[in-house]
Amino acid sequence: MTADLLQQTIWLAAVLFAIGFIGLMVRRNMLFMLLSLELMLNAAALLFICGGAVWGQADGQVMFIIVLTVAGAEVAVGLGLLIQLQRRCKSLDIDRLSKMGETE
Amino acid sequence: MIQSLFYLTAAIALFSALSVICSRHAVRALLWLVLTQLAVALLFFLLGAPFAAALEVLVYAGAILVLFIFVIMMLNLGRSTLEQERQWFPLSSLFMPTLLCGVLLVELLYALDYSSGQDSQYVAPKALGISLFGPYLLVVELCSMLLLSGLIGAWHLTRPYLHPRQGANGMLPAADLRAKVQKEPWL
């Protein structure tokens with residue numbers, strides 16, 4: 001792997017992560033926030049694979065498999081929370097949850 | 001050659017990632033996210049990790065996003081009709097993703113053709129398996145615990161939980177909630 005390719009991959013991962021982060025901050029729909037989280041996890045996985053390719057070792061791919069596992073668990077719990085949100089508030093707007101502490 | 005393939009794939013990944021956070025309909029955003037992950041998988045392939053690329057397509061785009069689609073379809077069960085689906089998902093919205101997906105396929109064929117000659121940084125799946133069951137054995141066990149906790153969490157969170165005194169904003173009154181927790185502490 002050339003130094004150019006390494007630098008470009010790192011930049012690409014950073015920009016992908018930034019796009020996911022902006023989506024997480026800007027969108028108030030919980031489904032889109034979960035999708036943005038997926039984007040950010042993808043960027044992290046890309047960086048791990050890039051690091052593994054630089055050294056020619058399998059450790060990067062091991063870390064990618066761990067990221068995959070984390071994404072699976074996160075999606076399961078996140079979608080459960082999403083279903084509860086839809087059930088209780090009849091909406092996916094996450095700002096509705098700021099009423100949680102109020103009593104009627 | 002690798003460089004130009006990399007640029008094209010990176011451009012597709014960035015464009016589809018931007019489309020994910022800018023699209024208004026959930027199903028279209030999911031379609032763009034699938035395309036992002038296909039592009040990232042091709043990047044993995046170009047970086048010399050074909051097994052990771054296959055996992056990305058199979059597990060990420062194939063399993064995790066299908067979970068999202070299931071939930072979206074479930075949430076819309078009450079009011080969705082065929083007409084609404086048609087309005088959400090016209091054929092014209094499929095054009096761009098399909099086109100970019102075709103570009104990715106052509107790139108993959110080129111990359112396969114190119115990389116058969118020289119594999120400078122190729123990390124074989126065998127090395128991955130050996131390190132997974134050698135130095136990383138504890139991590140594999142921790143991952144299985146994590147998946148188990150995710151399973152239990154998802155099962156617990158999605159249990160049907162309806163109460164007759166739910167207020168207008170859908171929340172239980174705090175006193176009721178406290179009484180319910182005292183009566184049924186496992187909830």
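Chain A is the first sequence line, chain B the second, and so forth, proteins listed ahead of strands; every chain is numbered from 1. Owing to the predicted nature of the structure, the values given are computational and were not obtained by experimental measurement.
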Engineer: Is any side-chain heavy atom of A/Q86 closer than 4.5 Å to one of A/M30?
Structural biologist: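 They are not in side-chain contact.
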Engineer: Which residue out of B/Y136, B/W155, B/F51, B/F70 racks up the most heavy-atom pairs below 4.5 Å with chain A?
Structural biologist: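 Most heavy-atom pairs under 4.5 Å with chain A: B/Y136.
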Engineer: State the CZ-CG distance between A/F32 and A/L37, to the nearest 0.5 angstrom.
Structural biologist: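 So the CZ of A/F32 and the CG of A/L37 are separated by 13.5 Å.
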Engineer: Count the heavy-atom pairs under 4.5 Å between each of B/L142, B/L147, B/L14, B/L43 and chain A, then report the option with the highest count.
Structural biologist: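 Most heavy-atom pairs within the cutoff with chain A belong to B/L14.
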Engineer: Under a 4.5 Å heavy-atom cutoff, which of A/I65, A/L82, A/V26, A/L92 has the most pairs with chain B?
Structural biologist: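 It is A/I65.
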Engineer: At a 4.5 Å cut-off on heavy atoms, which part of B/L67 comes close to chain A: side chain, backbone, both, or neither?
Structural biologist: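 Both backbone and side chain.
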Engineer: Do you know which two heavy atoms are closest between B/T36 and B/A17, and how far apart they sit?
Structural biologist: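 Scanning both residues, the minimum pair turns out to be OG1-N, 3.6 Å.
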Engineer: Can you tell which part of B/F68 gets under 4.5 Å to a heavy atom of chain A, answering side chain, backbone, both or neither?
Structural biologist: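 For B/F68, heavy atoms of backbone and side chain both lie under 4.5 Å from chain A.
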Engineer: For the residue pair A/E38 and B/Q37, confirm or rule out a side-chain donor-acceptor distance under 3.5 Å.
Structural biologist: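 Not at all, the side chains of A/E38 and B/Q37 share no donor-acceptor pair under 3.5 Å.
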Engineer: Taking all atoms of both residues into account, what is the closest heavy-atom pair of A/G20 and A/S36, and its distance?
Structural biologist: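 For A/G20 versus A/S36, the nearest heavy atoms are O-CB, 3.2 Å.
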Engineer: CG of B/L104 to CG of B/L109: how many Å apart, nearest 0.5 Å?
Structural biologist: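 Result: 11.0 Å between the selected atoms.
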Engineer: Which answer fits A/Q8, side chain, backbone, both or neither, if we ask what part of it has an atom under 4.5 Å from a heavy atom of chain B?
Structural biologist: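 The answer is both parts of A/Q8.
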Engineer: Counting only heavy atoms closer than 4.5 Å, note whether B/V20 contacts chain A via side chain, backbone, both or neither.
Structural biologist: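 It is both, since atoms from each part get that close.
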Engineer: Is chain B contacted by the side chain of A/D59, its backbone, both, or neither, given a heavy-atom distance below 4.5 Å?
Structural biologist: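 Both parts, heavy atoms under 4.5 Å.
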Engineer: So how far is it from B/E56 CD to A/L46 CG, rounded to the nearest 0.5 Å?
Structural biologist: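 Answer rounded to 0.5 Å: 9.0 Å.
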Engineer: Who wins among A/L41, A/L35, A/L81 for the most heavy-atom pairs under 4.5 Å with chain B?
Structural biologist: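 Heavy-atom pair counts peak at A/L35.
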Engineer: Between A/I19, A/I83, A/I66, A/V77, which shows the greatest number of heavy-atom pairs under 4.5 Å with chain B?
Structural biologist: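 Among A/I19, A/I83, A/I66, A/V77, the one with the most close pairs to chain B is A/I19.
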Engineer: At what distance, to the nearest 0.5 angstrom, does CG of B/L18 lie from CG of A/L39?
Structural biologist: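 It comes to 9.5 Å.
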Engineer: Out of B/A63, B/S149, B/P135, B/S23, return the one with the most heavy atom pairs under 4.5 angstrom to chain A.
Structural biologist: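 So the answer, after comparing B/A63, B/S149, B/P135, B/S23, is B/S23.
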Engineer: If I measure from the heavy atoms of chain A, does B/L33 come under 4.5 Å with its side chain, its backbone, both, or neither?
Structural biologist: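 The side chain, not the backbone.
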Engineer: Using modelled atom types and a 3.5 Å cut-off, is there a donor and acceptor pairing between side-chain atoms of A/R27 and backbone atoms of B/I21?
Structural biologist: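 Present.
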Engineer: Please classify the contact between A/A43 and chain B as side chain, backbone, both or neither, with a heavy-atom cut-off of under 4.5 Å.
Structural biologist: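 For A/A43, no heavy atom lies under 4.5 Å from chain B.
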Engineer: Please rank B/V140, B/L148, B/L146, B/L46 by heavy-atom pairs under 4.5 Å with chain A and give me the top one.
Structural biologist: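 It is B/L146.
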Engineer: Hey, could you give me the CZ/CG distance between B/F6 and B/L47, rounded to the nearest 0.5 Å?
Structural biologist: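 Going from the CZ atom of B/F6 to the CG atom of B/L47 covers 6.5 Å.
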Engineer: Which region of B/S144, side chain (C-beta onward) or backbone (N, CA, C, O), has a non-hydrogen atom less than 4.5 Å from a non-hydrogen atom of chain A, or is it both or neither?
Structural biologist: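 Contact with chain A is absent: no heavy atom of B/S144 under 4.5 Å.
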